[in-house]
Protein chains: 2
Amino acid sequence: MRALVVEDDPDLNRQLGRALEDAGYAVDSALDGEDGHFMGDTEPYDVVVLDLGLPKMDGVTVLERWRQEGRDFPVLILTARDRWSEKVAGFDAGADDYLTKPFHTEELLARMRALTRRAAGHTTATIECGGLSIDTRGARVFIDGAPVKVTSHEFRMLSYLAHHQDRVISRTELVEHIYDQDFDRDSNTIEVFVGRLRKKIGTDRIETVRGLGYRLVDPVARPVS
Amino acid sequence: MRALVVEDDPDLNRQLGRALEDAGYAVDSALDGEDGHFMGDTEPYDVVVLDLGLPKMDGVTVLERWRQEGRDFPVLILTARDRWSEKVAGFDAGADDYLTKPFHTEELLARMRALTRRAAGHTTATIECGGLSIDTRGARVFIDGAPVKVTSHEFRMLSYLAHHQDRVISRTELVEHIYDQDFDRDSNTIEVFVGRLRKKIGTDRIETVRGLGYRLVDPVARPVS
DNA sequence: TAAGTTGTTCAGCACGGGTTCAGGGGGATC
DNA sequence: GATCCCCCTGAACCCGTGCTGAACAACTTA
């Protein structure tokens, strides 16, 4: 975990830095707004502690610029003045948390834990398989970046195959995961869907294993079976 | 945006509820820990305001149980006592923010905005989506800079879609986040709102995914990945 | 009270897409 | 190589989903 501390009081800055290092962070520090802004702009921090009253560039301005430039690390704001209008301005500039001086180090650490915890919860929801990418949350399919239009049942089926790629999935297993209740056994719906999918994403991406089922594979890097 | 307020003081509870409703949230409230825990356990809230001193079940316990059960909505903790050890306990139980009574309503709202923003992975108060910008604070919508007039329900819906843009949002998810408690299942209100929104912001900005739901997209720069 | 907003309901329509069917191809096994 | 069975494919059917216009109800504002 990399942390940046932007605080103009050298004593407090050093004290914070040491506390964070003890807590396991790799810490950089800056003593004014311009330095702080530059560092946050060039290094990928996991969390930033930012004082509002800074020389050269105001803390709110620093934060606003970062956000405009697309930096989205969590930022915790510090200020000596307990004016709630400033807090509101800080939050609306894109701050994630706020602490009024003086504060207990334990509280700062606890808040930072909360910040990094939540920031780490962002998981990408796309499954990759040799140029084929499946956005499970957006229900979209791309093949080498180009969008492919699939219907909801086709998507469910492809998504299930992708979750278990390189494994053979039986027809009944597919049916059970696509349909809620049971379903007419002697029907060739699954085959029809496989056919339609193959037409859309390429014939060689779904292998059929006679008598067993289907398997989603990466067509170029064919594994030695 | 659905919010839950768990606060045993009936006056404060009502006051908070009204303030949040004015700010555009659909609010449920609970007056003790057990009720609060149950509601948070069964309904998909976007943010929760939780008092620590509660009858029947302590606030920290409520929060710990939610986290154990996998509820990951952002939680803002309230307490009358300004003891930082309690704050630390609250954070480590999984709280995302903390506010000491008494507080300014504006500060609470700013913190809640920051929480919901962060939960959705955004860091600014306005959400952009290909020429469409949504001011979550002022409840305004602009398209290429020109203001678009939307009603409050339309705004809630668009706002929720924008918080989760590129994701497919089911009709029930929309209903659950726009209306407080349950709601007539077989009603086509959502479709009507989608239709009206499309008429205002452009047909191609809200895609319908048959059988799954709706998705807010940038109509020109179709994302690649 | 009248006029204007805003939210909800209803009915009709269009069409997408899931399902079915019939027929043909091609492994597998002997 | 013959036979069987599994699988593929194209097309047609038809039901359900979603869209739309309009009317109605609830509520605000003049």
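Note that the structure is a prediction, hence the values are computed from the model and not measured.
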Relative to the 5' end of DNA chain C, which residue comes earlier, F193(B) or F193(A), by the nucleotide with the nearest heavy atom? F193(B)

Would you say a side-chain N or O of T151(A) is under 4.0 Å from OP1 or OP2 of dG17(C)? no

For the pair W66(A) and H37(A), name the ring-plane relationship: parallel under 30°, tilted 30 to 60°, perpendicular over 60°. parallel

Applying the side-chain contact (heavy atoms from CB on, under 4.5 Å) test to R205(A), which of V217(A), I143(A), L158(A) qualifies? I143(A)

Show your working on side-chain contact (heavy atoms from CB on, under 4.5 Å) between E154(B) and K200(B) and close with a plain yes or no. CA-CA 10 Å; E154(B) 284 167 7; K200(B) 292 182 179 180; 2.8 Å; yes

Scan nucleotides 17-26 of chain D against the protein and return all N/O pairs shorter than 3.5 Å with their distances rounded to 0.1 Å.
residue: dT17(D); atom: O2; partner: R210(B); partner atom: NH2; Å: 2.7
residue: dG18(D); atom: OP1; partner: R171(B); partner atom: NH2; Å: 3.2
residue: dG18(D); atom: OP1; partner: G211(B); partner atom: N; Å: 3.2
residue: dG18(D); atom: OP2; partner: R171(B); partner atom: NH1; Å: 2.9
residue: dG18(D); atom: OP2; partner: R171(B); partner atom: NH2; Å: 3.2
residue: dG18(D); atom: O5'; partner: R171(B); partner atom: NH2; Å: 3.3
residue: dC19(D); atom: OP1; partner: R198(B); partner atom: NH2; Å: 2.4
residue: dC19(D); atom: OP2; partner: Y214(B); partner atom: OH; Å: 2.6
residue: dT20(D); atom: O4; partner: N188(B); partner atom: ND2; Å: 3.2
residue: dG21(D); atom: OP2; partner: K199(B); partner atom: NZ; Å: 3.2

Between CD1 of I178(B) and P of dT8(C) the distance, given in whole Å, is 9 Å

Distance check: side-chain N/O of S187(B) vs OP1/OP2 of dT9(C), anything under 4.0 Å? yes

First locate atom CZ of F193(B), then atom OH of Y214(B), and finally report the distance between them rounded to the nearest 0.5 Å. 12.5 Å

Distance, rounded to the nearest Å, where R156(A) contributes CZ and dG17(C) contributes P: 14 Å

Measure from the side-chain N and O atoms of D135(A) to the backbone N and O of G138(A), and report whether any donor-acceptor pair falls under 3.5 Å. yes

Residue closer to the 5' end of DNA chain C, S152(B) versus E154(A) (nearest nucleotide): S152(B)

Once salt bridge (Lys or Arg N to Asp or Glu O under 4.0 Å) is applied, do any residues pair with E64(B), and if so which ones, sequence neighbours excluded? none

Measure CE/M157(A) against P/dG17(C) and give the value in whole Å, please. 16 Å

Between Y160(B) and D46(B), does a side-chain hydrogen bond (donor to acceptor under 3.5 Å, both in side chains) hold up when you go through it step by step? CA-CA 10 Å; Y160(B) 189 78; D46(B) 298 294; 4.5 Å; no

What does the inter-axis angle of the helix from dT1(C)-dA30(D) to dC30(C)-dG1(D) come out as, five pairs per end, nearest 10 degrees? 30°

With the threshold set at 4.0 Å, does a side-chain nitrogen-carboxylate oxygen contact exist between R71(B) and D41(B)? yes

Between dC10(C) atom C1' and I190(B) atom CD1, what is the distance in whole Å? 17 Å

Whether D72(B) and R67(B) form a salt bridge (side-chain N of Lys/Arg under 4.0 Å from carboxylate O of Asp/Glu) is what I want to check. no

Taking atom C1' of dC7(D) as reference, at what distance in whole Å does atom CD1 of I169(A) sit? 18 Å

